[in-house]
There are 2 protein chains.
Amino acid sequence: MTRTSLQDFNCSLARTVDLIGDKWSLLILRDAFYGYSQFSDFRNRLGITPTVLTARLQALTNAGILQRDQVREGIDRHHYRLTAKGRDLLPTIISLVQWGDKWIFEEEGPPIVLRNRQTGNALARMEVCDSAGKVLAPRNVTFEAGPGATAETRAAVRSARASDTGDTAK
Amino acid sequence: MTRTSLQDFNCSLARTVDLIGDKWSLLILRDAFYGYSQFSDFRNRLGITPTVLTARLQALTNAGILQRDQVREGIDRHHYRLTAKGRDLLPTIISLVQWGDKWIFEEEGPPIVLRNRQTGNALARMEVCDSAGKVLAPRNVTFEAGPGATAETRAAVRSARASDTGDTAK
DNA sequence: CAGTATCCTCGCAGATACTG
DNA sequence: CAGTATCTGCGAGGATACTG
């Protein structure tokens with residue numbers, strides 16, 4: 001009956017997605033990375049309703065992803081800036097952008113190009129690497145129960161590994 | 001009145017998020033990476049309603065992220081497997097998982113640990129690098145209009161760069 | 001300009017039952 | 001077991017007006 005809450009999942013992805021896995025939040029974060037910080041910035045750029053924007057900014061602030069600071073004493077304008085926790089979402093944002101560049105804007109070319117501010121180099125495509133720096137293909141990523149695993153998680157992992165053939169669509 | 005469509009944005013992030021930026025899709029993709037492929041797999045693991053699952057699987061299939069193949073001739077069971085386009089979402093999934101591991105499951109430790117199947121090494125934290133392989137801090141990521149930029153995009157980029165101070169929350 | 005307050009509508013998603 | 005069909009509701013999110 002009640003909408004299922006992803007907080008019930010003992011899974012980093014589910015819990016993370018529950019925080020930022022909605023369309024507006026990710027767009028707000030993108031703009032925050034681009035350097036925008038004020039209510040009206042987000043509002044004008046995204047065409048988002050003030051009500052919704054307020055809710056999103058509060059949620060992100062409560063989650064510790066943004067921090068709200070007054071621009072100046074005695075005035076009710078604020079900056080919503082990325083915290084360290086929020087800045088740590090950069091790889092996620094970039095990987096989404098790169099996926100879209102590749103698979104959606106393939107012909108036209110990407111509308112926005114990202115660069116290293118200091119060197120001017122373009123960004124490299126994000127890759128999944130292991131601790132030795134080796135790039136991993138999806139099929140070579142495997143998993144096991146970690147320290148925070150519940151009994152259910154452990155059981156799920158076992159059954160998964162039993163049925164895991166390691167191949168993907170041919 | 002109508003819900004604003006993210007397809008209107010000339011932005012890789014918006015368009016991508018419009019495809020996969022909902023909670024169920026990302027969880028389905030996670031399970032697909034884990035090797036699950038059948039309707040009942042997703043249904044049992046996620047506790048998702050068949051109606052919703054059908055809709056999500058169709059959407060992902062239409063988007064070319066999953067591909068639907070019959071298990072055997074004459075039987076109506078199917079595998080939903082990642083296509084190359086879908087497999088390319090691995091960095092996004094991993095970055096979300098790693099963020100959750102770090103910022104949500106900090107004390108308990110992550111419920112699931114990812115490894116290189118071949119070497120057994122743990123995965124490295126995903127980093128944003130430039131083409132020279134240099135790791136980039138968020139503040140050093142800048143942007144400019146790309147080949148697919150519309151006039152509006154160009155204008156937005158200009159005004160952004162003018163106001164961009166390069167600092168984040170102190 | 002930065003929000004808050006109301007109202008309303010549409011669509012996602014849950015429940016349940018059904019078919020091949 | 002793999003879905004489809006219907007019905008229903010709740011709640012996100014849009015529109016608009018208002019306050020400090």
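All chains are named by letter (A, B, ...) in the order of the sequence lines, taking the proteins before the strands, and each is independently numbered beginning at 1. Keep in mind that what you see is a predicted model, and the values were worked out from it rather than measured.
Listed for the B:N140 side chain is no donor-acceptor partner under 3.5 Å among the backbone atoms of B:L136. Under a 3.5 Å cut-off, the side chain of A:D41 and the backbone N or O of A:Q38 do form a donor-acceptor pair. The backbone N or O of B:N121 sits less than 3.5 Å from a side-chain atom of B:T119, completing a donor-acceptor pair.
The side chain of B:T51 has D:dT6 as its nearest neighbour among D:dT6, D:dG14, C:dC12. Considering only the side chain of B:Q58, D:dT4 comes nearest among D:dT4, D:dC1, C:dG3. Of the candidates D:dG13, D:dC1, C:dT4, C:dT4 carries the atom nearest the A:T54 side chain, counting heavy atoms from C-beta on. Side-chain proximity of B:S40 to the nucleotides C:dC12, D:dG14, D:dA2 is greatest for D:dA2. In this structure, the nucleotide among C:dG14, D:dG13, C:dA2 sitting nearest to the side chain of A:Q38 is C:dA2. Checked against C:dG3, D:dG14, D:dC1, the side chain of A:R68 finds its nearest nucleotide in C:dG3.
Contact between the side-chain N/O atoms of B:H78 and the OP1/OP2 oxygens of D:dA2 is not found at any separation under 4.0 Å. The side chain of A:Y80 contributes an N or O atom lying less than 4.0 Å from OP1 or OP2 of C:dG3. Put simply, B:R56 has a side-chain N or O that comes within less than 4.0 Å of OP1 or OP2 on C:dA13.
The base-pairing partner of C:dC12, taking Watson-Crick or G-U wobble contacts with both distances under 3.5 Å, is D:dG9.
Taking atom NZ of B:K23 as the reference point, atom C1' of D:dA12 lies 11 Å away to the nearest angstrom. The distance between atom CG of A:L27 and atom P of D:dA12, rounded to the nearest whole Å, is 18 Å. Between the CG atom of B:N44 and the C1' atom of D:dC1 there is a distance of 10 Å, rounded to whole Å. The CD1-P distance, from A:I28 to D:dG13, rounds to 10 Å in whole Å. We find that CZ of B:R77 is positioned 10 Å from P of D:dG3, with the value rounded to whole Å. The CZ atom of A:R43 sits 17 Å away from the P atom of D:dG13 (whole-angstrom rounding). For the pair B:L53 CG and C:dA15 P, the computed distance is 15 Å after rounding to whole Å. If you measure from atom CD1 of A:I75 to atom C1' of C:dA2, you get 10 Å, rounded to the nearest angstrom.
When the nearest nucleotides of DNA chain D are assigned to A:D76 and B:T49 by heavy-atom distance, the more 5′-ward of the two goes with B:T49.
Between A:Y36 and A:F42, a ring centre-to-centre spacing not shorter than 6.0 Å is recorded.
The closest side-chain donor-acceptor pair between A:Q70 and A:R77, if any, does not fall under 3.5 angstrom.
In this structure, B:F42 reaches neither bases nor backbone, as no heavy-atom distance under 4.0 Å exists between it and the strands shown.
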